[in-house]
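Counting starts at 1 for both ligands and their atoms, in listed order. These numbers come from the heavy atoms of this one structure, side chains and all, not from hydrogens, waters or symmetry mates.
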Amino acid sequence: MFNLLTYAKKYRKQIILGPFFKFLEACFELVLPLFMARLVDQGIRNNDRAYVIQMAGWMLLMSVIGLVCVMICQYYASIASQGFGTELRNQLMKKINQLSHAELNSFGTDTLITRMTNDINQLQLALAMLIRLVIRAPFLSIGSVIMAFYINVQMGLIFLLMLPIFCLILYFIIKTTVPLYKKVQEKLDLLNRQISQNLSGVRVIRAFARKQMEEKHVNKVTDDLSSIYIRVSNISALLTPATTLVMNLGILALLYLGGIKVEIGGLQQGEVLALINYMNQMLLALIVVSNLVIIFTRASASASRVSEVLAVVPSITPSENSGNLADGQTKGILFDHVSFRYQADAGLALTDISLNIPANSVLGITGPTGGGKSTLTQLIPRFYDTSEGNLFVDGTNVRDWPIEKLRKKIAITPQTAVLFTGTIRENLQWGKENATDEECWQALETAQCKEFVENLSDGLDTKVYESGKNFSGGQKQRLTIARALIHKPDVLILDDSLSALDYQTDLNLRKALRHDLKETTLILISQRISSIQQANQILVLASGKQVGLGTHEELLRDSKDYQEIVASQEEENES
Ligand SMILES: Nc1ncnc2c1ncn2[C@@H]1O[C@H](COP(=O)(O)OP(=O)(O)OP(=O)(O)O)[C@@H](O)[C@H]1O
């Protein structure tokens, strides 16, 4: 856990000074009962008004200084813990952005969200507590015992006797609750996953009439969570009565033995009062220590979850040769005996693909579902690295391209159209920062959605709700295409992005793309032969293997797989 403190380096001053001020306050708190004892024993007892006022004045002064110290410490604790949380979140986000798709898949979105939010909150709280209480609480509990000995050694022995009993109670509570708190965290993870899945799939759940079933699942997780919470609360609730009982017994002993000592003149009344105060202080400090143990245990689980992500060495990194780009004479994309598997122990998703895509040409990719079409295109922007063989963009191996530079050349519209919450303009500006309205309208025109946006009362300022839920599938697809082509990329990959369009719009869009993006290499993935038959070459992929490559006419003549696909679509059209 403490290795994460490197992210709090900037707040070194607050982390050192915060506990120092709290320590000062604890010192004042520790000596206050002594002043009170003197006030009673020497001031009130002797009816010495001036002495009473003097002692009360000192006590007031110490309380005020203590208060100022507490405020300074709280201020430092807030600055340091909030700053630490922000830094950690930024670093985590940076790391997540560096992870390859395979690494992101291995974690899963839900747990990454929980780590960014709940886990970092726990760590922020732990740091705040570290600054505020980690010195103060043990100092006060040990200090109270020492002060008790300072007042009277025999009475101090009562404290020494009480201390192990308190510790035993705290040990029992901590030992039973800490594992339960860990379970709470696991259940919270599960609940987050269940809820986010249900919210994102709410339409499917309704369509399949699975509402009650899913409610049952969520209820089961929340019931489990609440039953653990109730168990933890029940056990924790024992803490106060048990410790208060022991404390009261201790106070009884103090009063009894103190009374006897006062009688025989070995102790003064004010000192007995001070001892009772110290007993209270010791107990409260120990309760704080037990809470600290729970907070730090939870934070340590959170720290290992956050560290786990931070420790991943991204597999997609620039090669040693990075930036050593080819002379620029060779243009286009070349797959040279490329094979790929998603996990080391999984089968090949692509097998021995060799393919040359000349610059500014159009490549169509088709084939049965699961054939490897999307996988192939995801290798070009280096979302994944090839397992065997090499892939070149403009004559340079993709591993040697600076990643940002490579990805800037390529625009990709994924199978599922993703829009972000904001306005249409903001979504388009994802493709090109500071794109002018004119550029936005031009992109919309090429993507065949200018008219539809013009008809919206707010035009480019129309709000886009979460994931673009206020647009139809076809509208979303065209908006994502507009976003992809707004910066006129060198390579534009449309992964089944025309599937929701009617035939006429599909045709118009392809014509516009060719007309407006003459210097762009276009890769069109489609199950619909009519969408790709004009391409310069068509690749047919089945089970990750290249089973056909050529023009529409060549494939019709030579490729059995292609002929079957065409025949099946003709049959479909006729029926
Ligand atoms: N993230 C992933 N992790 C593991 N395996 C994957 C992943 N994505 C795809 N696959 C597997 O790789 C193979 C090729 O999938 P891919 O998505 O490339 O096919 P596709 O031809 O694009 O299919 P479709 O036409 O249905 O979109 C499939 O067997 C699929 O199960």
Below 4.0 angstrom from a heavy atom of T375, which ligand 1 atoms are there? Numbered from 1 as shown, please. 14 (C), 15 (O), 16 (P), 18 (O)

Just so I know, are the side chains of L492 and T521 near enough to count as touching, which here means a heavy-atom distance under 4.5 Å? no

Ligand 1 N/O within reach of Q343 N/O, cut-off under 3.5 Å: no

Given the ring of Y503, does R528 sit roughly above its face, with NZ or CZ under 6.0 Å from the centre of the six-membered ring and within 45° of the axis? yes

Just distances here: any N/O of G371 and N/O of ligand 1 closer than 3.5 Å? yes

4.0 Å protein heavy-atom contact status of atom 2 (C) of ligand 1, strictly under: yes

Which bit of N105 gets closer than 4.0 Å to ligand 1, counting heavy atoms only: side chain, backbone, both or neither? side chain

Just so I know, are the side chains of L419 and Y465 near enough to count as touching, which here means a heavy-atom distance under 4.5 Å? no

Return yes if some donor-acceptor pair links the side-chain N/O of H487 with the main-chain N/O of E433 below 3.5 Å, else return no. no

Under 4.0 Å to a heavy atom of Y384 - the qualifying atoms of ligand 1, by number: 1 (N)

Are L549 and L555 packed together at the side-chain level, in the sense that at least one heavy-atom pair is separated by less than 4.5 angstrom? no

The closest protein heavy-atom partner of atom 26 (O) of ligand 1 is T369 CB, 3.3 Å

Have a look at ligand 1 and work out which part of Q415, if any, has a heavy atom under 4.0 Å from it: side chain, backbone, both or neither. side chain

Any luck finding a side-chain donor-acceptor pair between R399 and T386 under 3.5 Å? yes

Tell me, which protein residue and heavy-atom name are nearest atom 17 (O) of ligand 1, and how many Å apart are they? S374 CB, 3.9 Å

Is the Y384 to F340 ring centre distance short of 6.0 Å? yes

Can you tell me which portion of F383 lies within the under-4.0 Å heavy-atom range of ligand 1? Options are side chain, backbone, both, or neither. neither

Hey, is atom 31 (O) of ligand 1 under 4.0 Å from any protein heavy atom? no

Less than 4.0 Å between a side-chain N and a carboxylate O, is that true for K409 and D394? yes

Strictly under 4.0 Å, does any heavy atom of Q527 approach an atom of ligand 1? yes

When the ring planes of H101 and F383 are compared, do they come out parallel, tilted or perpendicular, using 30° and 60° as the limits? parallel

Any idea which protein heavy atom is nearest atom 5 (N) of ligand 1, and the distance to it? Y342 CD1, 3.2 Å

What protein heavy atom is closest to atom 25 (O) of ligand 1, reported as residue, atom name and distance in Å? K373 NZ, 2.8 Å

Using side-chain heavy atoms (C-beta onward) and a distance below 4.5 Å, is S374 in contact with Q415? yes

Out of G370, G372, G544, the nearest non-hydrogen contact to atom 23 (O) of ligand 1 is supplied by G370

